[in-house]
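Structure record follows, encoded as structure tokens.
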Amino acid sequence: MTGLRKLSIAALAFAFCQIVFGAIVRITGSGWGCGEHWPKCDGHWFPPLDRVDLVIEVMHRYLALGVTVAVLALAVTAWRRRAVAGVGGRGGVLRPAVLALGIVVATALLGAATIKLRLNPFIIVAHLVLAMALLAALIIAAMRAGGFGAPAATGSATASRTWRVARAAAVLAFMVLVLGGLTANLGAAGACLGFPHCRVYTSLNRGLVYLQLTHRLLAFLFAIHVLGAGRRLLRRPEARVVKRAAAVAAGAVVLQILVAAALVETRLPPVLQSLHQAVGTFVWIAVVVFAALARRASEAEPARLGDLDPSPDSSHVEPHATRATPAGVTAIVEPLSREPLVKARLADADRAAQAYESAMLALLAQAESHFESVVSYEGDDAHEIPAFEPLVSLETTTEPVAPPQPQVEPESAPQREASPCEGDPVSIPDEVATPGTIEPPAPQPKRPHSLAVIMARGADF
């Protein structure tokens with residue numbers, strides 16, 4: 001999983017740089033740096049770097065090639081390891097990796113269409129949307145591979161509400177990005193200047209002005225939503241990684257507001273335009289990470305003793321000694337599972353309980369087999385100790401067996417004559433009268449519920 005995580009993060013870094021360079025291509029007007037040739041540049045795979053616009057455009061294409069190679073390596077590696085747990089199937093790395101590869105292919109084809117259609121603004125915005133979708137897919141792949149602190153995203157009582165808040169933030173961020181792309185490519189960026197409201201209108205086209213105002217309004221709503229969510233999360237019992245992601249997203253939003261204010265107040269300099277695009281892309285990454293961690297925490301189930309992996313030392317437990325978790329223990333474990341690293345401590349406690357349970361079961365089995373086979377002999381006064389009967393339950397008490405009393409010879413009574421009605425005395429065979437080996441009675445069948453079963457099930461803990 002470490003290799004997949006590194007590949008995902010590397011592909012994410014390449015995609016981020018490509019998006020920033022795409023903004024530089026648009027801002028500097030370098031979209032025609034390679035002419036109408038695609039995928040070649042000016043008819044060459046490696047053109048001479050003699051013009052600035054050509055250098056910017058060809059660097060953008062080289063970065064796109066790097067993104068393609070990185071995503072392809074990620075998808076192939078995930079496919080080869082699809083049999084490993086956490087890679088293939090639902091919730092694995094393979095699905096977002098394949099999705100990212102499909103988005104890369106679609107983005108490349110759309111980039112070619114952008115050149116062939118002579119930089120149509122709507123095609124450019126669609127190109128930007130696919131690039132943002134690629135970032136989201138790579139973030140999910142990296143997170144499923146263990147990146148961005150995903151293993152520490154544990155559940156809590158408010159995790160579902162946090163997930164709803166983060167999902168709304170992601171939707172708002174996507175809408176702001178789309179409107180920002182339309183504002184930049186349709187020429188509405190300079191329609192009105194001033195911050196936070198428009199003080200100077202530089203365009204007579206009301207549609208462009210309204211587009212700019214709509215972009216600002218949604219941006220303000222998004223900022224208020226994210227900042228309020230970050231503040232409220234500080235008071236909730238969420239995982240630290242979720243709180244940290246919300247704080248990073250809120251900080252990125254504040255930075256974007258400052259850059260946007262400086263951008264419109266200084267009449268849209270190219271450097272601040274590029275910085276605005278770069279910070280906006282980082283805001284999108286931060287919000288997607290926050291939303292993905294919040295969803296992971298909302299889907300995390302509370303840890304239970306019965307759900308933890310059994311210890312290898314407990315493989316010799318008898319089949320009838322099924323383990324079950326008492327209701328009282330479950331009620332105590334569920335709140336504790338909301339904190340990080342508690343599951344590992346519960347696993348240690350569970351292993352200790354299993355070891356104790358195994359020892360008690362072995363001791364009880366040895367005691368039963370011992371008492372069932374013991375027979376005591378004492379000369380003429382031979383007697384046997386009854387077979388050990390298992391205890392039925394903790395409420396049943398066994399009466400102690402009284403030790404045999406020595407037989408006392410009765411005093412000689414005066415002989416009386418036999419009555420004529422009495423018959424001859426019955427003769428007793430010698431083998432019966434002679435003391436010897438007495439066959440022990442057949443052992444009684446064990447009752448279905450013994451002390452071992454009760455202790456294993458934990459019904460009276």
Side-chain angles (χ1 to χ4, degrees), residues 12-13 15-17 19-20 23 128-129 131-136 138-140 143 148-149 153 158 161-184 188-189 192-198 211-236 238-266 268-269 271-295 297:
L12 181 64
F16 176 80
C17 294
I19 292 173
V20 174
L128 176 64
V129 169
M132 295 302 171
L134 175 63
L135 291 178
L138 292 175
I139 289 170
I140 299 301
M143 191 167 297
F148 297 105
T158 59
R161 286 187 291 173
T162 303
W163 159 232
R164 289 194 296 270
V165 170
R167 181 173 53 193
V171 172
L172 285 174
F174 182 77
M175 295 174 63
V176 172
L177 282 173
V178 173
L179 285 174
L182 290 173
T183 301
C192 63
L193 301 177
F195 187 87
H197 60 278
C198 290
L211 179 60
Q212 168 73 265
L213 293 176
T214 305
H215 174 61
R216 289 195 184 193
L217 178 62
L218 284 178
F220 287 142
L221 291 177
F222 169 68
I224 293 172
H225 180 81
V226 174
L227 293 176
R231 180 181 178 184
R232 294 192 62 124
L233 278 180
L234 296 177
R235 304 176 182 177
R236 292 181 180 178
E238 295 290 346
R240 292 183 179 179
V241 65
V242 178
K243 293 183 177 180
R244 190 183 305 119
V248 172
V253 168
V254 172
L255 179 60
Q256 179 72 334
I257 292 175
L258 296 177
V259 172
L263 176 65
V264 295
E265 289 290 344
T266 56
L268 310 177
V271 175
L272 288 182
Q273 290 185 44
S274 301
L275 184 60
H276 187 62
Q277 176 76 26
V279 177
T281 305
F282 180 74
V283 168
W284 170 249
I285 293 175
V287 171
V288 172
V289 170
F290 170 45
L293 289 175
R295 180 181 180 182

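When all heavy atoms are compared, the tightest approach of A239 to A153 is CB-CA, 4.3 Å. The shortest heavy-atom contact between L293 and A245 is CD1-CB, 3.8 Å. Between A166 and F290, the shortest heavy-atom distance links the atoms CB-CE2, 3.5 Å. The nearest pair of heavy atoms linking A169 to V226 is CB-CG2, 4.1 Å. Heavy-atom minimum distance, G149 versus V241: O-CG2, 3.5 Å. Pairing each heavy atom of V279 with each of A252, the nearest pair is CG1-O, 4.1 Å.
Annotation: R167, atom CZ; neighbour count of heavy atoms from other residues, nucleotides and ligands within 6.0 Å is above 12. More than 12 heavy-atom neighbours from other residues, nucleotides or ligands sit within 6.0 angstrom of CZ on R236. The environment of F195 atom CZ is dense: over 12 non-hydrogen atoms of other residues, nucleotides or ligands sit within 6.0 angstrom.
In this structure, I140 CD1 and F148 CZ are separated by 9.5 Å, a value rounded to the nearest 0.5 Å. In this structure, CD on Q256 lies 9.0 Å from CG on L263, to the nearest 0.5 angstrom. Atom CG of residue L258 and atom NE2 of residue H276 lie 12.0 Å apart, to the nearest 0.5 angstrom. For the atom pair M175 CE and T214 OG1, the distance stands at 10.0 Å (nearest 0.5 Å). Atoms CD and OG1, from Q273 and T266 in turn, are 9.0 Å apart once rounded to the nearest 0.5 Å. Between the CG atom in L172 and the CG atom in L177 there is a gap of 11.0 Å [rounded to 0.5 Å].
At least one side-chain heavy atom of V248 sits under 4.5 Å from a side-chain heavy atom of F282. Within the 4.5 Å cutoff, the side chain of R216 has heavy atoms near those of the V264 side chain. Looking only at side-chain heavy atoms (C-beta outward), L227 and R231 stay at 4.5 Å or farther from each other. L217 places none of its side-chain heavy atoms less than 4.5 Å from the side chain of L213. Residues V287 and F222 have side chains in contact (heavy-atom distance under 4.5 Å, counting atoms from C-beta outward). At least one side-chain heavy atom of L135 sits under 4.5 Å from a side-chain heavy atom of I19. Inter-residue side-chain proximity for R232 and T162 is flagged as unmet; no heavy-atom pair is nearer than 4.5 Å.
Counting only distance, with no hydrogens or angles, the side chain of Q212 and the backbone of A189 share a donor-acceptor pair below 3.5 Å. Distance alone, capped at 3.5 Å, is enough to place a donor-acceptor pair between the W284 side chain and the M132 backbone.
Residues passing the salt bridge (Lys or Arg N to Asp or Glu O under 4.0 Å) test with R295, sequence neighbours excluded: E299. Listed by chain and number, the residues in a side-chain hydrogen bond (donor to acceptor under 3.5 Å, both in side chains) with R244 amount to none (sequence neighbours excluded).
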Original post:
Could you walk me through whether L128 and Q277 pass the side-chain contact (heavy atoms from CB on, under 4.5 Å) check?
Top reply: CA-CA 11 Å; L128 176 64; Q277 176 76 26; 3.8 Å; yes

